[in-house]
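Order of the sequence lines sets the chain letters (A, B, ...), proteins ahead of strands, with each chain counted from 1.
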Number of protein chains: 2
Amino acid sequence: MEQAISFTEENYLKTIYSLSKQNKGKIANLSIAEKLHINPATVTEMLKKLNEKNLIDYNRIDGAALTSQGESLALKVIRKHRLWETFLVNKLSFNWDEVHEIAEQLEHIQSDKLIRQLDKLLGFPKFDPHGDPIPDKNGQLPQSQAFPLVSVEEPGTTYKLIGVANHTTAFLQYLDKIKITINDKIEIKEIHEFDHSMVIRIGNRTAVMISSEVAKNLLVSAQ
Amino acid sequence: MEQAISFTEENYLKTIYSLSKQNKGKIANLSIAEKLHINPATVTEMLKKLNEKNLIDYNRIDGAALTSQGESLALKVIRKHRLWETFLVNKLSFNWDEVHEIAEQLEHIQSDKLIRQLDKLLGFPKFDPHGDPIPDKNGQLPQSQAFPLVSVEEPGTTYKLIGVANHTTAFLQYLDKIKITINDKIEIKEIHEFDHSMVIRIGNRTAVMISSEVAKNLLVSAQ
DNA sequence: TTTAACTTTTGGGCAAACCTAATGATCATT
DNA sequence: AATGATCATTAGGTTTGCCCAAAAGTTAAA
Ligand SMILES: [Mn+2]
Ligand SMILES: [Mn+2]
Ligand SMILES: [Mn+2]
Ligand SMILES: [Mn+2]
């Protein structure tokens, strides 16, 4: 009894998944509405429907939480989204700031074989162009030892940029402008206690200053 | 004033385009309904709407005909469909009988750059895996000198299979079974006047018999 | 603890695509 | 020219996914 699932429903599941990962508390109706740019009244209706379909557990007290069925659907959509982004960047020469909107469309294409073959063509990548982990075909996420650059307390060490926590075009184009991209080496030269802004050196170029807001969105690993 | 166009509307335009190429007379409301597996009443409503949007000229006497705007939209969708099919076969190792349904989904993805880059990745192909011509970015169709094998009157000559006129899984799998595929050499050994069935030799294998129904759907060129 | 602010839900509506049943037109035969 | 058959259209409904305005419920400050 394979129930059909619409684009809209897939987008709700994906949204609930990502909100549940970042907020770890109750998922507010309103936060879904804001993320999807729709009216809270619409969210209420859809959450009831997803609850009916056993894709989420929902009540007004605890809010919404994905069931295991709902979670694996969400992970499947996220897998497709990230594989397509990787395809666009690695095979079609897109820049990392141009791919999200197209992947929003491609992630809803229905074909298991397609996604399997795409994965193979790309060499079974573990991370997408923004450093986001790609769930494998069983929904398993690869381990990442990423942490935000802003959490570093002392200058002097060199890190590697392995991801970004903000995927907006504005942020990605800012990174393009200051010429940081994924896998670049970042050496922290100074940390200003006052506003936690930083002076960093990218590769072996001249040092630049970044705000703590930027540092918050740069995900790095040791070395 | 870029008016949005829905998946459904795109499918109607594509259908009207292909019916106008094969039937060359008035396009019957009913033929659209049959091709799309929907009710004639629904077709009436949609044709009125497409007429409003200036994508077709429509009235009950002459039926529906694409406007130039409608035709270039139809060609764009067909271009995407055939490029995606080519991608699936050439880059993702799909068999030619598995790609149509997926291309039906992919053809609606909206991104000019995507289709431009895909075209480039594939080496600007002129024909898709079924031998169908791929419109270029200006909607120009490549010339094809294909004709149906059934139109041949005398045995003795060898032709090349450059396309099929029937894209159903059933037909394509039949071709797989008798092991004919695109670009194969076909030599006509015998033509039976009674039912116009043929005995043909594919490459240099043992001869096989095919019905005229099959011969009608094999598109060949000289040599 | 009361009030104000915020969040969620209800109720009433709308647009896109579809449906069925019934009516109107047109087309072939007699 | 009449008459069935076929095709196209209208009228009335459904479902999905969205909206707004108003009511109800919850939380937090005064
Ligand atoms: Mn993305
Ligand atoms: Mn990404
Ligand atoms: Mn096709
Ligand atoms: Mn094709």
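Residue-level contact check: B:Thr42 touches the bases, meaning some heavy atom is under 4.0 Å from a base atom. Residue-level contact check: A:Thr44 touches the bases, meaning some heavy atom is under 4.0 Å from a base atom. Counting non-hydrogen atoms under 4.0 angstrom, A:Asn39 reaches a base of the nucleic acid. Nucleic acid contact for B:Lys48: sugar-phosphate only, since backbone atoms but no base atoms lie under 4.0 Å from a heavy atom of the residue. If you check every strand for non-hydrogen atoms under 4.0 Å, B:Tyr58 touches sugar and phosphate atoms only.
Of the candidates D:dC18, C:dC18, D:dT9, the closest approach to any side-chain atom of A:Ile38 belongs to D:dC18. Distance from the side chain of B:Ser6 is smallest to C:dA17 among C:dT9, D:dC20, C:dA17. The B:Arg60 side chain lies nearest to D:dT9 when the options are C:dC18, C:dT8, D:dT9.
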Show the atom names and distances, to 0.1 Å, of all donor-acceptor pairs under 3.5 Å that link a side chain in residues 31-39 of chain A to residues at least two apart or in another chain.
| from | atom 1 | to | atom 2 | distance (Å) |
| --- | --- | --- | --- | --- |
| A:Ser31 | OG | A:Ala28 | O | 2.5 |
| A:Lys35 | NZ | A:Ser18 | OG | 2.6 |
| A:Asn39 | OD1 | A:Ala41 | N | 2.9 |

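Under the 4.5 Å side-chain criterion, counting only non-hydrogen atoms from C-beta, A:Asp128 is not in contact with A:Trp96.
Less than 6.0 angstrom separates the ring centroid of A:His81 from the ring centroid of A:His100.
Per the geometry, CG belonging to A:Leu50 stands 9 Å off P belonging to D:dG17, to the nearest Å.
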